[in-house]
Amino acid sequence: MAFEGLRELKKRETRQRISNVATEMFLGRGFEAVTVTEVAAAAGVSEKTVYNYFPTKESLVLDQLEGQVERLIGAVRDRERGVSPSAALVQALKEDSQRFYAMMPAERLPEIERFSAMVRGTAALRAAWSEHRHAMVAALTQVLADELQVDSMTPEPLIASRALIGLVELLYDSRLRHASAGHGPRELQDLVNADIERGARLLDTGIWSLQLLVEGRRSKDQIHEAAVVVEHARQQVMTALRSAKRSWKEAHDEARTAAREAAREAAREAAREVRQHATQLARELAREAHQQARETHQQARESQRQAQQEAREAQRVEREAQRELQREAQRAARQQGRHQR
């Protein structure tokens, strides 16, 4: 294990030496004027070794960006409950900043301004940074969309991720601004941290509003689903009423010859009971549906199942009324037969 630790340490030192040599050469002669072959020779390694550590010439300059996407996006994705995305990102940026100043000697701090000017003035380096920024935005957009349970192409996660990645750019801009004032590493780190905290506070209101907006959209969807359930229940009640009406008419026609008045009164009573029960059922279903609009989608589905069960009960009552009418008609027929005999 000790051997592996020394080996990894040596690799890190070699990588840092190559990066330092390349940066000094680029700052001295310009990025375009220096070749990777020259960097390798100056660092005392082969050109192949340089490419083993740095896949492109641009990554020799932007070596601090290695692994940054996973570090920053992972901090937001894996944050603890109750921690805002901006707070998680700020903490990760502070840790990155701490590592940067730990490796940056105080006498080299004035190079920050020259380094920034080189990056801004070189098209290849600007393009490399733009590509890196795009990768961060895309990864963070997907994380926010997954959390909010919305499509990653909707405006909210897109604009929120771009705003949050603006904190990364703020870190570099703030570092440049304060470095030119001649501060030491520790003081410079504190000033930069204070700036990104201020930026995060500005974003927090927007991120909070984003959460409310998405929650409001979900509530609207739940209300719509509950309204669908109510409409379905209403249709079931109306079907039960129409069925009860047909049953009442059939019973009335069948019993009219044998016991017209008795059958009619019994049918009317049965119909009134069915209508009263159906009306009560509709009111109960409406109250349940309104309650479900404030609850989860699962409760809405449960309300639907309850509505179906109540509709079946109404149909059962209807069938029972029909059978009762038939029995009344049969009794009346038997009584009439006895009178005729």
Donor-acceptor side-chain pairing of Q142 and D146 below 3.5 angstrom: yes
Nearest-0.5 Å distance, OG of residue S97 to NZ of residue K94: 10.0 Å
Carboxylate-amine/guanidinium contact R327 E320, below 4.0 Å: yes
Whether R177 side chain and V192 backbone form a donor-acceptor pair below 3.5 Å: no
Atom of A88, atom of A75 and distance for their closest heavy-atom approach: CB-O, 3.5 Å
Single-linkage hydrophobic cluster, 4.5 Å side-chain cutoff, V45 and F26 together: yes
Residues R316, E313: salt bridge by 4.0 Å N-O rule: yes
Heavy atoms of other groups near R29 CZ, more than 12 under 6.0 Å: yes
Side chain to side chain, R15 and E66, heavy atoms closer than 4.5 Å: yes
Q326 and Q322, any side-chain heavy atoms less than 4.5 Å apart: yes
Salt bridge (charged side-chain N to carboxylate O under 4.0 Å, His left out) between E70 and R77, intermediate numbers included: CA-CA 10 Å; E70 181 55 35; R77 182 186 59 240; 3.1 Å; yes
L144 CG to E156 CD distance, which is reported to the nearest 0.5 Å: 11.0 Å
CA sep, side-chain torsions, deciding dist, call: S19, Y53, side chain to side chain contact (heavy atoms under 4.5 Å, CB included): CA-CA 9 Å; S19 175; Y53 287 103; over 6 Å; no
Reported CG-to-CD distance for the pair L202 and E197, which is rounded to 0.5 angstrom: 14.0 Å
Sidechain-backbone polar pair: K57 side chain, F31 backbone, donor-acceptor under 3.5 Å: yes
Test salt bridge (charged side-chain N to carboxylate O under 4.0 Å, His left out) applied to E147 and R81, step by step: CA-CA 12 Å; E147 286 186 5; R81 184 179 180 86; over 6 Å; no
Joint cluster assignment, F115 & L188, ILVMFWY side-chain distance < 4.5 Å: yes
Shared hydrophobic cluster for V168 and L191 (ILVMFWY, side-chain gaps under 4.5 Å): no
Stepwise side chain to side chain contact (heavy atoms under 4.5 Å, CB included) check, Q280 with Q276: CA-CA 6 Å; Q280 181 63 28; Q276 289 173 359; over 6 Å; no
Contact summary for S152 and T141, nearest pair of heavy atoms: O-CG2, 3.3 Å
Nearest-0.5 Å distance that lies between atom CG in L93 and atom CG in L167: 6.5 Å
Salt bridge present between R17 and D63 (N-O < 4.0 angstrom): no
Approximate separation, where rounding is to 0.5 Å, of Y172 OH and Q64 CD: 7.5 Å
Hydrophobic cluster membership, L27 vs I112, 4.5 Å side-chain cutoff: yes
Shortest non-hydrogen separation from L203 to A163 and the atoms involved: CD1-O, 3.4 Å
Test item: S174 side-chain N/O and L170 main-chain N/O as donor-acceptor pair under 3.5 Å: no
Any donor-acceptor N or O pair under 3.5 Å, side chains Q16, N20: yes
Value rounded to 0.5 Å, distance of CD in E47 from OG1 in T35: 7.5 Å
S86 and S84 side chains, donor-acceptor separation under 3.5 Å: yes
A200 versus V90, closest heavy-atom pair with distance: CB-CG2, 3.5 Å
Closest heavy-atom pair and its distance - Q68, M136: OE1-SD, 3.6 Å
Stepwise side chain to side chain contact (heavy atoms under 4.5 Å, CB included) check, L72 with D96: CA-CA 9 Å; L72 300 185; D96 267 13; 4.2 Å; yes
Whether R79 side chain and V76 backbone form a donor-acceptor pair below 3.5 Å: yes
Atom of A43, atom of V21 and distance for their closest heavy-atom approach: N-CG1, 4.1 Å
Ring pair (Phe, Tyr, Trp, His ring centres under 6.0 Å) contacts touching residues 60-108 (sequence neighbours left out): none
Full working for side chain to side chain contact (heavy atoms under 4.5 Å, CB included) between H132 and L62: CA-CA 10 Å; H132 177 72; L62 305 175; over 6 Å; no
Donor-acceptor contact below 3.5 Å, side chain T122 vs main chain V119: no
In one Ile/Leu/Val/Met/Phe/Trp/Tyr side-chain cluster, 4.5 Å: Y51, L60: yes
Charged N-O contact under 4.0 Å between E24 and R114: no
